[in-house]
Amino acid sequence: MKRPRIVITGIGGLCGLGTDAPAIWDAMRAGRPAIGPLTNGELYDLKIRIGAEIKQLPEHGIERKQLVSMDRFSLLAVIAAKEAMRQSGLVVDESNTHRVGTIVGVGVCGWEAIEENYRAILLGGKNRAGIFTVPKVMPGAAAGQVSMSLGLRGPVFGVTSACSSSNHAFATAMDQLLLGRADAIVAGGTDAPLVWGVIKGWEALRVVAPDTCRPFSADRQGLVLGEGAGMVVLETYDHAVARGATILAELAGTGMSGDASDIVAPTVEGPTAAMRACLLDAGLAPEEVDYINAHGTGTKANDQIETAAIRRVFGGHADKLSVSSTKSMHAHCLGASGALEMIACVNAVREGIVPPTANYREADADCDLDVTPNVARQRPVRVAISNGFAFGGTNAVIAVKAV
């Protein structure tokens, strides 16, 4: 029996590249990075002073009563979800509220609230935390806030798997739809890690670049952190067609795996297994894939291992693939990265444009794929896959197909 098709009818996002999905895609297509000096927060003694931040939030119309209970990562998710819903044209009312849900991936949690409370208590002499600290901080808060903002009473929960969180959210949403538990799911990811405590932790790992992110370039020095959110409206094909929705693309399949090896060091085997599982789930041959939005963090180990994994999966076809890392532009937004990369994949299959790997300067023999250096490329893109490989060895890959 042929399973139902799952399609994308709305997409929204904001990050350093722009405050809506069209602006993000315009910047990606132009190869215009958002990485620069951090200006919105107190840096104190930080050595890391660059990132990809949202300089100013767009007008969002969220009432103060709800705002006071939201940390920044939840606010970003709500803004992106509202945009996705507007584009989808899906109206939620009493007739369908229990058939529409939301699943939001988060890499960390409400660190802005945590830090404010620690500083107020330990340095400012206050004797109690803010009343909304717990609901602000919890990783599932973003899903709850999206649900309340849009009136969604179907499956509502958060997913957390570090940098694979968005792709795991898409995979889980697809499962809910295929199981018949909902007709539509607003799914994606969000993170706002540009606060002192989180950046201080990343300093200790010594994997953050001092200047910018140069994925696959031989002179790469590490990743750069960013903030943002991306959300899509996923529906069964029949549901979308019945209401006359415009279908943007198809979520053709997902694949997941675990390295079961090391908490921070990646393996070749784990990413290889996830990509193969995705192709199998989508019913695709390797030769049908045209574009890979790589995990592409800009660290020495990740880019080399990801290249090796792609070659294992695609064999000779690897030389015909277009590959790029949009993290070179929006930086590594942790739990939001896969959702921002979904914007790249959906638009790549719709417009036949592969966004570039920005900041590329020097070929690396261990990263010998066509990584679309610096300039976008026009080519037919029937199928795009997006890789998410995270600390903890948790891997999730999605396949997006043109309709």
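Positions are given from 1 along the sequence.
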## Note on the structure
The complete set of salt bridge (charged side-chain N to carboxylate O under 4.0 Å, His left out) pairs with one or both residues in residues 240-254, sequence neighbours excluded, reads Arg5-Glu250, Glu235-Arg243
### Query
Hey, does Leu279 have a side-chain heavy atom less than 4.5 Å from the side chain of Val289?
yes
### Query
Taking NZ, NE, NH1 and NH2 as the nitrogens, is one of them in Glu227 or Arg72 under 4.0 Å from a carboxylate oxygen of the other?
yes
#### Entry: side chain to side chain contact (heavy atoms under 4.5 Å, CB included) partners for Ala260, two or more places apart
none
### Query
Taking only residues two or more places apart in sequence or in another chain, which ones pass salt bridge (Lys or Arg N to Asp or Glu O under 4.0 Å) with Asp259?
none
### Task
For the residue pair His330 and Glu341, establish whether any side-chain heavy-atom pair is separated by less than 4.5 Å.
yes
### Query
So does Lys300 pair up with Asp366, basic N to acidic O under 4.0 Å?
no
### Task
Show your working on side chain to side chain donor-acceptor pair (under 3.5 Å) between Thr236 and Asp238 and close with a plain yes or no.
CA-CA 5 Å; Thr236 61; Asp238 288 347; over 6 Å; no
### Query
Would one find more than 12 heavy atoms of other residues, nucleotides or ligands at under 6.0 Å from atom CG of Leu179?
yes
### Query
Got a second to check how far Leu76's CG is from Leu14's CG, nearest 0.5 Å?
5.0 Å
### Message
In terms of relative ring orientation, are Phe389 and His295 parallel, tilted or perpendicular, with 30° and 60° separating the classes?
### Response
tilted
### Query
Considering residues, nucleotides and ligands other than Arg181, do more than 12 of their heavy atoms fall under 6.0 Å from its CZ?
no
### Query
Does atom NZ of Lys47 have more than 12 heavy-atom neighbours, drawn from other residues, nucleotides or ligands, at distances under 6.0 Å?
no
## Note on the structure
Separation between CD1 (Ile8) and OG1 (Thr246), nearest 0.5 Å, reads 13.5 Å
### Query
Going by an N to O cut-off under 4.0 Å, is there a salt bridge joining Arg29 and Glu351?
yes
### Query
Does any non-hydrogen side-chain atom of Leu67 lie less than 4.5 Å from one of Glu63?
no
### Query
Mind checking what makes salt bridge (Lys or Arg N to Asp or Glu O under 4.0 Å) contact with Arg312, not counting sequence neighbours?
Glu269
### Task
Assess the side chains of Arg361 and Ser217: does a donor N or O sit below 3.5 Å from an acceptor N or O?
no
#### Entry: Crowding at NZ, Lys136 (>12 non-hydrogen neighbours, <6.0 Å)
yes
### Flag for His168-Ser164: side-chain donor and acceptor within less than 3.5 Å
no
### Message
If we count only N and O atoms by modelled type, under 3.5 Å, do the side chains of Asn117 and Thr133 hold a donor and an acceptor together?
### Response
yes
### Query
Would you call Asp303-Arg214 a salt bridge at under 4.0 Å N-O?
no
### Task
Go through the steps to decide whether Asp26 and Arg32 satisfy the test salt bridge (Lys or Arg N to Asp or Glu O under 4.0 Å), and finish with yes or no.
CA-CA 9 Å; Asp26 284 348; Arg32 187 169 63 245; over 6 Å; no
### Message
For His332 and Ser337, which I'm curious about, is there any donor-acceptor pair between the side chains at under 3.5 Å?
### Response
yes
### Task
Using a 4.5 Å cut-off on heavy atoms from C-beta on, say whether the side chain of Thr102 contacts that of Val104.
yes
### Query
Sequence neighbours excluded, which residues qualify as salt bridge (Lys or Arg N to Asp or Glu O under 4.0 Å) partners of Arg86?
none
#### Entry: Residues Asp71 and Trp111: side-chain donor-acceptor under 3.5 angstrom
no
#### Entry: Distance (rounded to the nearest 0.5 Å) between Met138 CE and Thr160 OG1
14.0 Å
### Task
Could you pull out the closest heavy-atom pair between Ala143 and Gly158, with the gap in Å?
CB-N, 4.0 Å
#### Entry: Donor on one side chain, acceptor on other, Ser324 and Tyr291, under 3.5 Å
yes
### Gap separating the CD1 atom of Ile11 from the CG atom of Asn347, nearest 0.5 angstrom
6.5 Å
### Task
Evaluate the side-chain proximity of Leu43 to Leu46: yes if any heavy-atom separation is below 4.5 Å, no if none is.
yes
### Query
Taking atom types as modelled and ignoring hydrogens, do the side chains of Gln145 and Ser69 form a donor-acceptor contact shorter than 3.5 angstrom?
yes
### Message
Going by the rule salt bridge (Lys or Arg N to Asp or Glu O under 4.0 Å), which residues pair with Arg119 if we only count those two or more places apart in sequence or in a different chain?
### Response
Glu115
### Message
Under the salt bridge (Lys or Arg N to Asp or Glu O under 4.0 Å) test against Asp370, which residue among Arg377, Arg379, Lys320 passes?
### Response
Arg377
### Task
Among Asp364, Asn302, Thr299, find the residue that satisfies the side chain to side chain donor-acceptor pair (under 3.5 Å) test when tested with Arg220.
Asp364
### Query
Between atom CD1 of Ile54 and atom OG1 of Thr19, what is the distance when rounded to the nearest 0.5 Å?
8.5 Å
### Task
Might you work through the side chain to side chain donor-acceptor pair (under 3.5 Å) test for Asn359 and Ser328, ending with a clear yes or no?
CA-CA 7 Å; Asn359 308 314; Ser328 61; 5.0 Å; no
### Task
First locate atom CD1 of Ile199, then atom CH2 of Trp202, and finally report the distance between them rounded to the nearest 0.5 Å.
11.5 Å
